[in-house]
Engineer: 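Supplied in structure tokens, the structure appears directly below.
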Amino acid sequence: GEYLPVGCQEPRATAASFNSTSHEFTLYGLKPSDAFDWRAYASPATGGAPVFTGCKNETTGALPSGPETAELVSVGISTAGAAADVKHFLTHFGCVDDPVTDVRRNAFIVIDQDGEIVWYQDPAADLTGVGSTDLSLEAIGLTRPLKHVLGIINHEIIVEYTLEGELVNLLCRDDGSGYCPGTTTVPEATFDDYVHHDLAVFDGSLHVLTAEEVGVTDLLDCDADSSTSDTYPIVVDGMYVFDLTSGTPTLADEWMWTDVAGVTVDYTVAGTCTSSYWGSSVVGADYMHTNSLWVDVAEQWMFSLHNLDSIWMVDADPASSTYNELAWTMNGGDPGDTGDDWEMVTGGYDEEFHGQHTAHWGPDADLVIFDNQWTNTGGSGVSRGVVFELDAGAGTASAVAQYTVEDLAAGDVYCPTGSSLFPMLGGHALATCAEVDGTNSAVVNEFDASDSVVWAVELQCDAGYTRTSTAFRGYANLW
């Protein structure tokens, strides 16, 4: 079969891999409310001339109404035309008329090179009894290689969708009701602690960050009682691992950083007594603020620890004698409490990083991170994506590529939360600024091999509307 613009010209072809009198194809990336033509032809399995349907006319459906679509606008798209390799990207975003009285909702969206929404998934549609419950997507992930879309809602609900819109997994925090919190939907599996920031499916297992309170000696006198020998709660992160191979998610492993060999919990390193992220959900000093995880074929877990300016690697091989032990750490400038196993050497770019997000391996086995507080650790400045080349034999790390995020006026921007950098095929890279500091907007940049911006789009809410979520990460070219 062929999908074609009107007039049955310039086809995009797809073919069945088996003989049948009935076939079904899913076409992605079509614009909403857009006319297109298609035709199909079939060749008899026994031989003979192919049969053609002729040119058929169709129109794609409209986007569903709601603040996630009607009030989300992409503005001021800049492009260098053929130089841009991004065809579309996946993220999440949402807008609301009145952030105090209106129900907060946001959705997974895919936006094409022209800035139009070409795929949309609202988790509220699959959760019964939500009523006036705020449903805030706070994390997004993408499975490899199936390209299922993952999300965390309200720190309590985990969803996994296919690109066809099928909800294949639903896990929720057990609040004693028997339902997913704030709904009348029965989950497939439950867990005890709040979840946050990142999740990944790899080799039949779901990995998701979690957190709990741990009592420690109050060396900073956080409770202001003039005693540094009593106990004070801090937030320690960890991870759930669920086995997905049996059809029903089953908890296979659970650990906190206090369980990992080689980690010493010393909250004075972060120097904070309050949790700016958790609010009242998890009380205590936000010691680590782990904000990303990465699972790879080498059976290692990589984590980004925002409040320690550190990347930590943990042995994830259950058959290894060092399973669940700290393999190495890298610090961006302010030393964490585990030391630093890499010597930073000059590679052409600044080797320091601060307040980073979304650490992962790049296609060339380089370490890729989004350096949120690159030029100013005090809360403003310029953000960048940065790539480190690691020499394991020499124990050195050098910054070999840098991508400074820009707004549509080509001005450098500061991205205080979330954000990501993902290299693309052909030497380009996609950087997503989850929120531009002091604005209602997110910015996505595509960089070419010379680190120049060749395409950019800004996501913002329409006039009079308020953003309800950040574009935490952006993933390019799902199909």
Side-chain angles (χ1 to χ4, degrees), residues 144-145 198 200 202-203 207 239 255 257 259-264 266 269 288 290-374 384-404 420-429 431 447 449-451:
R144 298 164 285 149
D198 205 1
F202 184 78
D203 198 23
H207 305 72
M239 187 168 69
W255 57 263
W257 279 118
D259 301 320
V260 176
V263 173
T264 301
D266 178 5
V269 174
M288 297 172 169
T290 309
N291 59 28
S292 75
L293 68 89
W294 184 264
V295 189
D296 67 15
V297 293
E299 296 191 276
Q300 292 181 315
W301 292 313
M302 181 190 296
F303 301 91
S304 164
L305 288 83
H306 175 280
N307 285 358
L308 298 182
D309 293 340
S310 295
I311 310 299
W312 289 3
M313 184 70 77
V314 175
D315 185 351
D317 181 4
S320 170
S321 61
T322 57
Y323 173 67
N324 213 27
E325 291 187 10
L326 198 62
W328 56 257
T329 69
M330 175 186 293
N331 298 309
D334 297 330
D337 63 342
T338 57
D340 192 345
D341 296 306
W342 297 93
E343 177 188 358
M344 295 294 191
V345 297
T346 301
Y349 300 94
D350 184 5
E351 63 272 14
E352 289 195 15
F353 57 87
H354 301 276
Q356 75 291 331
H357 287 75
T358 315
H360 63 96
W361 292 123
D364 297 322
D366 292 329
L367 173 63
V368 181
I369 66 171
F370 192 93
D371 183 7
N372 294 69
Q373 298 175 1
W374 171 39
R384 63 170 182 166
V386 60
V387 179
F388 287 93
E389 184 178 89
L390 306 184
D391 185 333
T396 59
S398 55
V400 295
Q402 169 178 297
Y403 306 90
T404 304
S420 62
L421 175 73
F422 289 105
M424 300 166 59
L425 297 177
H428 287 207
F447 296 86
S450 63
D451 305 348

Engineer: Verify side-chain contact (heavy atoms from CB on, under 4.5 Å) between D296 and M302, making sure each step is shown before the conclusion.
Structural biologist: CA-CA 9 Å; D296 67 15; M302 181 190 296; 6.0 Å; no
Engineer: Among W257, F303, W301, exactly one meets ring pair (Phe, Tyr, Trp, His ring centres under 6.0 Å) together with W312. Which residue is that?
Structural biologist: W257
Engineer: Looking at every heavy atom in both W294 and A359, which two are closest together, and how far apart are they?
Structural biologist: CB-O, 3.7 Å
Engineer: Is there a donor-acceptor pair under 3.5 Å between the side chain of N331 and the backbone N or O of S310?
Structural biologist: no
Engineer: Before giving the answer on side-chain contact (heavy atoms from CB on, under 4.5 Å), spell out for D451 and Y349 the whole-Å C-alpha distance, their side-chain angles and the decisive distance to 0.1 Å.
Structural biologist: CA-CA 12 Å; D451 305 348; Y349 300 94; 3.2 Å; yes
Engineer: Can you check whether H354's main-chain N or O pairs, donor with acceptor, with D371's side chain at less than 3.5 Å?
Structural biologist: yes
Engineer: State which residues pass side-chain hydrogen bond (donor to acceptor under 3.5 Å, both in side chains) with T358; sequence neighbours excluded, sorted by chain then number.
Structural biologist: R473
Engineer: Can you check whether L421 reaches V387 side chain to side chain, under 4.5 Å on heavy atoms?
Structural biologist: yes
Engineer: Considering residues at least two apart in sequence or located in another chain, which fulfil the side chain to side chain contact (heavy atoms under 4.5 Å, CB included) criterion with E351?
Structural biologist: M344, F388
Engineer: Does D315 use its side chain to pair, donor to acceptor, with the backbone of N324 at less than 3.5 Å?
Structural biologist: no
Engineer: Please identify each residue that fulfils side-chain hydrogen bond (donor to acceptor under 3.5 Å, both in side chains) with D366, with sequence neighbours left out.
Structural biologist: none
Engineer: Who pairs with T346 by side chain to side chain contact (heavy atoms under 4.5 Å, CB included), at least two apart in sequence or on another chain?
Structural biologist: none
Engineer: Just jot down the side chain to side chain contact (heavy atoms under 4.5 Å, CB included) partners of D259, sequence neighbours excluded, or say none.
Structural biologist: W255, M256
Engineer: Quick check for you: to the nearest 0.5 Å, what is the distance between H207 atom NE2 and M239 atom CE?
Structural biologist: 5.0 Å
Engineer: Please report the C-alpha distance between L390 and W361 in whole Å, then the side-chain angles of each, then the deciding distance to 0.1 Å, and finally whether the side-chain contact (heavy atoms from CB on, under 4.5 Å) criterion is met.
Structural biologist: CA-CA 11 Å; L390 306 184; W361 292 123; 3.7 Å; yes
Engineer: Work out which heavy atom in L293 is nearest to a heavy atom in A200; give both atom names and the distance.
Structural biologist: CD1-CB, 3.8 Å
Engineer: Is the closest side-chain heavy-atom distance between D341 and M313 below 4.5 Å?
Structural biologist: no
Engineer: Got a donor-acceptor contact below 3.5 angstrom from the S320 side chain to the T322 backbone?
Structural biologist: yes
Engineer: Only counting residues at least two apart or in another chain, list the ones meeting side chain to side chain contact (heavy atoms under 4.5 Å, CB included) with T396.
Structural biologist: E343, V345, D391, A394
Engineer: Considering all heavy atoms of both residues, which atom of P318 and which atom of A316 are nearest to each other, and what is their separation?
Structural biologist: CD-O, 3.1 Å
Engineer: At what distance, to the nearest 0.5 angstrom, does OG1 of T329 lie from CG of D340?
Structural biologist: 5.0 Å
Engineer: Donor-acceptor pair, D317 side chain versus E299 backbone, under 3.5 Å?
Structural biologist: no
Engineer: Could you report the tightest heavy-atom contact between P423 and V368, atom names first, then the distance?
Structural biologist: CG-CG2, 4.1 Å
Engineer: Kindly give the heavy-atom pair with the smallest separation between E352 and D350, and that separation in Å.
Structural biologist: N-OD1, 3.1 Å
Engineer: Closer than 3.5 angstrom, by distance alone: can the side chain of H306 be matched with the main-chain N or O of S292 as a donor-acceptor pair?
Structural biologist: no
Engineer: If only atom types and distance count, is the side chain of N291 paired as donor or acceptor with the main-chain N or O of Q356 below 3.5 Å?
Structural biologist: yes
Engineer: Quick one: pull up CH2 in W374 and CD1 in I369 and give me the separation to the nearest 0.5 Å.
Structural biologist: 12.0 Å
Engineer: Is there a side-chain contact (heavy atoms from CB on, under 4.5 Å) between V295 and D203? Walk through the geometry before answering.
Structural biologist: CA-CA 9 Å; V295 189; D203 198 23; over 6 Å; no
Engineer: Minimum heavy-atom separation for F447 to A431, with atom names?
Structural biologist: CE1-CB, 3.7 Å
